[in-house]
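Sequential numbering from 1 along the given sequence is applied to the chain's residues. Side-chain atoms are counted along with the backbone in the values below, which use heavy atoms only and exclude waters and symmetry mates. Both ligands and their constituent atoms are indexed starting at 1 by order of listing.
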Amino acid sequence: MSAVISAENLEKTFHVGGRTVHAVRGVSLAVSAGEALGIVGESGCGKTTTARMLLRLEDPTAGRITFEGTDITATRGAALLAFRAKAQLVFQNPFDALNPRFTIGRSLAEPLRNFGVAKSEHEARIAAAMARVRLTPAADWLDRHPHELSGGQLQRVVLARSLLPGPKLIVADEPVSMLDVSVRAGILNLLRAARDELGLAAIYISHDLALIRYVCERTLVMYLGRVVEEGPTPALIERPRHPYTKALVAAVPVPHVMQDRAPLPIKGALSDAPLSGPGCAFRDRCPLAFDRCAAEAPPLRNIGEGRKLACHLGDEA
Ligand SMILES: Nc1ncnc2c1ncn2[C@@H]1O[C@H](COP(=O)(O)OP(=O)(O)O)[C@@H](O)[C@H]1O
Ligand SMILES: [Mg+2]
């Protein structure tokens, strides 16, 4: 199946007050229609920066992005606007995503206007999008203001707004982290239904492996800007190979996973990690590090069954 979106060796470097931050270091990925890819890793590992580059909200320092077969790495103007309609972000915080002074109807009409959809089509498109997120009849909701809605209802409106331009790709960055646990599954199920029915490619970004397991067929594990492990989500969670993935799996309660749950304590915090020099970026926090880990960085390589691993230990395992 051909990819809706693919990226090769994406890099992003920020310069802040004389300091250089290598936020993303050589990330490659591809997502097909109807497929959901998860990107997991702790705060600061570069997930959001990767998403922003894929959506062309941030220019990559290096690398290439292809969307529906076209190189969009440096697209501008009308072509960028057309891309924006097809590649939508689902905002993390529904309380921030909508203008509090606008009615729901006005917030929903805005993207249609921006993308040049004829006014005569607005009502039907909005009704269809509201039906997808189970806010029906739409007329009951359109005159309300955001403060009259619960967090879960707001996130449904935000999702409807993302679907309105007719996207082929949805990128959801921590889509439910601001919501009550009780409404999270409902939102994730709506996202999945929209993906299945519309054949969307989806990228979910989360620090929460339980969420990723619930919605994503394939997952990338990021550590300090790099992909350290990649594979089908069930295999990755049931048989993690990278010590960092093992630590992530051990740290979250993932139902029905009994294997390999012995705690593998990783040392320190992300800020303690080596930021430069040769060797594996995870070595100072890795309980299993050995000489070679300080001398050379392990490349991401195929280890079979659709899996990839960047760890010297993988040679022996
Ligand atoms: N606009 C920016 N300017 C400077 N540094 C940034 C910017 N955006 C992100 N960073 C830095 O890049 C790194 C990755 O951030 P981010 O992509 O937000 O990670 P995550 O989403 O995984 O938490 C962090 O060190 C962060 O401080
Ligand atoms: Mg983030």
Taking N or O atoms only and a 3.5 Å limit, does [X] qualify as a polar contact for ligand 1?
{"X": "Thr49", "answer": "yes"}
{"X": "Gly44", "answer": "yes"}
{"X": "Lys47", "answer": "yes"}
{"X": "Val16", "answer": "no"}
{"X": "Val21", "answer": "no"}

Look at the side chain of [X] and the backbone N and O of [Y], then say whether any donor-acceptor pair between them is shorter than 3.5 Å.
{"X": "Arg283", "Y": "Cys280", "answer": "yes"}
{"X": "Thr50", "Y": "Gly46", "answer": "yes"}
{"X": "Asn302", "Y": "Gly304", "answer": "no"}

- Item | Heavy atoms of other groups near Glu121 CD, more than 12 under 6.0 Å |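 Counting neighbours around CD of Glu121, more than 12 heavy atoms of other residues, nucleotides or ligands fall under 6.0 Å, so yes.
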- Item | Test side chain to side chain contact (heavy atoms under 4.5 Å, CB included) applied to Val171 and Val90, step by step | CA-CA 6 Å; Val171 178; Val90 177; over 6 Å; no
message: Looking only at side-chain N and O atoms, does Asn189 offer a donor or acceptor that is under 3.5 Å from a partner on Tyr214?
response: yes
- Task: Go through the steps to decide whether His22 and Phe14 satisfy the test ring pair (Phe, Tyr, Trp, His ring centres under 6.0 Å), and finish with yes or no.
- Result: CA-CA 7 Å; His22 296 286; Phe14 293 109; over 10 Å; no
#### Entry: Verify atom 26 (C) of ligand 1: protein non-hydrogen atom under 4.0 angstrom away
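Looking at atom 26 (C) of ligand 1, one finds that no protein heavy atom lies closer than 4.0 Å.
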Verify atom 12 (O) of ligand 1: protein non-hydrogen atom under 4.0 angstrom away:
yes
So between Gly46, Ser43, Ala51, Ala23, whose heavy atom ends up nearest atom 19 (O) of ligand 1?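 Among Gly46, Ser43, Ala51, Ala23, the closest heavy atom to atom 19 (O) of ligand 1 comes from Gly46.
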Looking at Thr48, Leu224, Thr20, the heavy atom closest to atom 21 (O) of ligand 1 belongs to Thr48
Ring-face cation contact, Phe102 with Arg106, 6.0 Å cut, 45° max: yes
Protein heavy-atom partner closest to atom 6 (C) of ligand 1 - residue, atom, separation in Å: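 Residue, atom and distance for the closest contact: Phe14 CD1, 3.3 Å.
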Within Thr48, is some N, O or S atom less than 2.8 Å away from the Mg ion (ligand 2)?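 Yes, since at least one N, O or S atom of Thr48 sits under 2.8 Å from the Mg ion (ligand 2).
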*Would you call Gly41 a ligand 1 contact, heavy-atom distance under 4.0 Å?*
no
